[in-house]
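Okay, so here's the structure we're looking at.
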Amino acid sequence: MNGRKNIAIVGGGLVGCLMGLYLARRGNKISIFERRPDPRIHAVDAGRSINLALSNRGIKSLEEVGLGNIVRETAIPMNGRMVHDLAGNLTFLPYGKQGQFINSISRGDLNKTLVWAAEKEGIEFFFDHRCIRTDLASSSLSFQTDTITTDQQFDAIVGADGAFSNVRMAMQLTDRFNYEQHYIEHGYKEFHIPAGTSKVLERNALHIWPRESFMLIALPNPDGSFTGTLFFPFEGASSFKSLADPVNFESFFRKSFPDVGDLITDLQEQLKMNPVSSLITIRCFPWSMHNTLLLGDASHAIVPFYGQGMNAGFEDCRILNGLLNKHNDDWGLAIAEFQLFRKPDTDAISHLAMDNFIEMRDLVADKDFQLRKKIESKIHSLYPDQWVPLYSMVTFHEDIRYSEAYRVGQKQKKIMDEVMKIPDIATTWQLLDLQTVLRQIKED
Ligand code: FAD
């Protein structure tokens with residue numbers, strides 16, 4: 001199927017809008033159907049990750065469609081993790097080399113920018129349109145609005161309707177569609193930390209309060225406030241369930257995070273009012289049937305601990321666009337190659353995101369872990385082409401596939417496990433024979 005197509009995108013979130021832009025610029029007629037109202041008029045739902053960490057993979061896609069300026073103008077650089085221990089001591093762990101950072105960006109502002117840009121490109125938006133049925137064989141969709149239900153037929157459909165995708169549901173009902181989902185035992189609750197806290201919370205950092213079985217993180221907002229997210233078990237001795245009473249929850253919170261607890265004047269109110277949301281991983285395959293394709297969270301939702309869900313979705317769009325170039329807009333050929341090429345990468349980032357939860361909540365506060373990072377960082381600074389730390393490969397090297405980063409990261413971990421067993425490594429690490437370490441990374 002080549003030539004100008006009439007394409008429906010279900011979901012006007014981050015990925016749907018970006019893919020719409022790419023496809024409209026290829027000369028296609030694009031309609032985006034979104035169940036929510038227009039975000040330019042109504043703010044996004046409270047309690048749903050207000051700001052996001054945007055890194056190189058996502059930025060590269062935004063730059064390709066000419067929206068790199070939103071990053072430069074509105075995002076706040078975060079140079080590393082600021083770890084807060086129970087006593088209020090701070091340890092700063094840089095994310096990469098000097099000049100490497102990730103960006104805190106407002107989900108709402110980014111979404112609005114994408115909607116404006118898409119509209120300018122001639123894309124038609126249908127807000128308050130919930131997709132309730134997809135007929136894969138005829139490429140038709142049914143939508144429900146407040147008043148009516150309509151059916152429409154298209155040349156192709158992109159399901160960018162998020163982790164609980166209705167489009168995917170149609171695929172799930174067919175033969176030989178593989179699907180798995182996993183809820184982790186933690187949920188999350190967001191907090192607003194008001195502006196004026198710059199003495200306690202450094203603006204250009206992602207703050208973490210790792211407490212082993214749970215953690216709090218905070219990302220800066222442009223107005224000087226921070227958005228905090230508590231990742232906490234649903235059930236158990238200290239959990240959303242056991243601390244359902246806001247008074248008990250408040251005293252637990254203040255005890256666990258004393259430095260930040262004092263900054264939130266309406267803590268009890270927020271604990272009571274802000275919703276608890278769950279965290280899910282979804283893997284499925286194939287991503288395409290007939291002329292319908294799943295993209296972004298609809299095909300690969302991941303837990304947020306690597307800050308890569310949106311970045312991966314944006315990378316999907318860029319890679320698909322590249323394959324449409326390669327195959328001269330032959331949708332069938334491009335999609336077939338896209339899903340085979342991309343699936344190992346999204347599986348890899350889904351595993352890495354789970355692993356990073358453990359790193360963030362348990363390890364960042366661990367002295368051995370900090371030493372390990374220091375040694376890796378020294379190797380990288382001396383031999384930048386031969387040893388790139390896993391976090392850097394994922395976050396700063398958009399030219400390295402997630403699956404390759406995962407493979408090399410596993411190898412690095414094995415080598416570093418041995419290095420860390422060397423007696424007195426904490427005092428002798430500066431004398432480490434780095435050539436031997438590097439030789440191992442080259443061996444298969
Ligand atoms: P969504 O953003 O879910 O958008 C889907 C859209 O489809 C929505 O607008 C929805 O209203 C619409 N829709 C759904 N069903 C229908 C229907 N039936 N009909 C019509 N419309 C429909 N990623 C990062 O890269 N960095 C981060 O720091 C980061 N932090 C996160 C923190 C948290 C707490 C969470 C939960 C996620 C985080 N993510 C992060 C992941 C990121 O939010 C997602 O990967 C990203 O939003 C996926 O975009 P999407 O467009 O595929 O899906």
Side-chain angles (χ1 to χ4, degrees), residues 8-20 31-39 42 44-45 47-59 61-62 75 78 102-108 110-112 114-115 125-134 141-145 157-170 184 186-190 206 217-219 227-231 274-282 294-317 346 349-350 353 356-357 360 394-395:
I9 296 183
V10 181
L14 302 172
V15 172
C17 290
L18 182 63
M19 196 67 238
S31 310
I32 297 186
F33 297 88
E34 167 58 48
R35 77 180 150 104
R36 292 197 171 102
D38 188 335
H42 299 268
V44 288
D45 298 355
R48 184 160 186 266
S49 67
I50 284 157
N51 48 22
L52 301 158
L54 173 69
S55 50
N56 287 30
R57 291 172 202 268
I59 295 171
S61 305
L62 290 172
M78 298 183 288
I102 60 174
N103 302 275
S104 175
I105 195 155
S106 149
R107 179 194 288 273
L110 183 54
N111 209 156
K112 279 189 266 185
L114 284 162
V115 171
F125 277 90
F126 299 86
F127 293 106
D128 300 299
H129 276 62
R130 177 189 288 272
C131 171
I132 53 168
R133 193 187 64 92
T134 306
L141 296 164
S142 304
F143 300 102
Q144 196 164 41
T145 67
I157 296 168
V158 175
D161 49 346
F164 303 97
S165 167
N166 186 276
V167 177
R168 188 186 62 230
M169 190 55 77
I184 61 168
H186 288 64
Y188 70 95
K189 191 188 267 281
E190 292 200 330
L206 186 151
I217 66 167
L219 274 71
T227 301
T229 310
L230 173 67
F231 295 97
N274 298 355
V276 176
S277 305
S278 53
L279 293 164
I280 194 167
T281 298
I282 286 169
L294 302 174
L295 218 56
D297 274 18
S299 49
H300 49 75
I302 59 176
V303 290
F305 306 110
Y306 229 112
Q308 284 294 316
M310 163 190 62
N311 287 289
F314 283 0
E315 195 176 53
D316 282 354
C317 302
T346 58
I349 191 60
S350 123
N356 219 41
F357 183 29
M360 285 175 87
V394 169
T395 309

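All values below were derived from every heavy atom in this structure, side-chain atoms included, with hydrogens, water molecules and symmetry-related copies excluded. Order of listing sets the numbers, starting from 1, for every ligand and every atom in it.
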Discussion item. Quick check: Ala53 and ligand 1, any N/O pair under 3.5 Å apart?
Written reply: yes
Worksheet item: Sequence neighbours excluded, which residues qualify as ring pair (Phe, Tyr, Trp, His ring centres under 6.0 Å) partners of Phe314?
Response: none
Worksheet, complete the sentence: Here the atoms of ligand 1 under 4.0 Å from any heavy atom belonging to Gly309 are 23 (N), 24 (C), 25 (O), 41 (C), 45 (O)
Response to the item:
Closest to atom 43 (O) of ligand 1 (heavy atoms only, candidates Met310, Arg107, Met19, Gln308) is Arg107
Worksheet, complete the sentence: Logged contact type for Ala160 with ligand 1, heavy-atom cut-off 4.0 Å, is backbone
Practice prompt. Below 4.0 angstrom from a heavy atom of Phe33, which ligand 1 atoms are there? Numbered from 1 as shown, please.
Written response: 20 (C), 21 (N)
Please list every donor-acceptor pair under 3.5 Å in which a side-chain atom of residues 301-310 meets a protein atom from a residue at least two apart or in another chain.
unit_1 : atom_1 : unit_2 : atom_2 : d
Gln308 : OE1    : Tyr402 : OH     : 2.6
Gln308 : NE2    : Ser55  : OG     : 3.0

Discussion item. Give me the atom names and distance for the closest heavy-atom approach of Val115 to Pro39.
Written reply: CG2-CG, 4.1 Å
Worksheet item: Can you tell me if Arg57 uses its side chain to pair, donor with acceptor, with the backbone of Val394 under 3.5 Å?
Response: yes
Discussion item. Atom CZ of residue position Arg130 - does it have more than 12 heavy atoms of other residues, nucleotides or ligands inside 6.0 Å?
Written reply: no
Response to the item:
Here the pair of heavy atoms bringing Ala298 nearest to Gly159 is CB-O, 3.4 Å
Practice prompt. Go through Phe357 and His186 one step at a time and tell me if the ring-ring contact (aromatic ring centres under 6.0 Å, His included) criterion holds.
Written response: CA-CA 10 Å; Phe357 183 29; His186 288 64; 4.9 Å; yes
Worksheet item: Hey, does Thr229 sit under 4.0 Å from ligand 1 if you only count heavy atoms?
Response: no
Worksheet item: Should you measure from each heavy atom of Gly296, which atoms of ligand 1 turn up under 4.0 Å away?
Response: 52 (O)
Worksheet entry | Where Phe33 and Ala8 come nearest, the two heavy atoms and their spacing | CE1-CB, 4.0 Å
Worksheet entry | Atoms of ligand 1, numbered as shown, that sit under 4.0 Å from any heavy atom of Arg130 | 18 (N), 19 (N)
Discussion item. I need the atoms of ligand 1 closer than 4.0 Å to a non-hydrogen atom of Gly13, numbered in the order shown.
Written reply: 4 (O), 6 (C), 9 (O), 51 (O)
Item to complete: May I ask you to list the atoms of ligand 1 that are less than 4.0 angstrom from any heavy atom of Gly162?
Response: 3 (O), 5 (C), 53 (O)
Worksheet item: Between Cys131 and ligand 1, does any nitrogen or oxygen pair lie at a separation below 3.5 Å?
Response: yes
Worksheet item: Between Asn166 and ligand 1, which residue portion shows a heavy-atom distance shorter than 4.0 Å: side chain, backbone, both, or neither?
Response: side chain
Worksheet entry | Within-shell test, Glu190 vs ligand 1, heavy atom, strictly < 4.0 Å | no
Worksheet item: N/O to N/O below 3.5 Å, does that happen between Val15 and ligand 1?
Response: yes
Fill in: Gap separating the OG atom of Ser31 from the CZ atom of Phe125, nearest 0.5 angstrom
10.0 Å
Practice prompt. Would you mind telling me if ligand 1 is within reach of the side chain of Tyr188, the backbone, both or neither, using heavy atoms under 4.0 Å?
Written response: side chain
Worksheet item: Looking only at heavy atoms, what is the nearest atom pair of Cys131 and Phe143, with distance?
Response: CA-CD2, 3.7 Å
Worksheet item: Are any of the N/O atoms in Arg36 less than 3.5 Å from those in ligand 1?
Response: yes
Worksheet item: By number and element, which atoms of ligand 1 are closer than 4.0 Å to a non-hydrogen atom of His129?
Response: 19 (N), 20 (C)
Worksheet, complete the sentence: Note: Ala53 and Leu219 closest approach over all heavy atoms is N-CD2, 4.0 Å
Worksheet item: Counting both backbone and side chain atoms, is some N or O of Leu295 under 3.5 Å from an N or O of ligand 1?
Response: no
Discussion item. Would Arg35 count as a polar contact of ligand 1, with the cut-off being nitrogen or oxygen pairs under 3.5 Å?
Written reply: yes
Worksheet item: Looking only at heavy atoms, which two atoms of Asn103 and Ala75 are closest? And how far apart?
Response: CB-CB, 3.6 Å
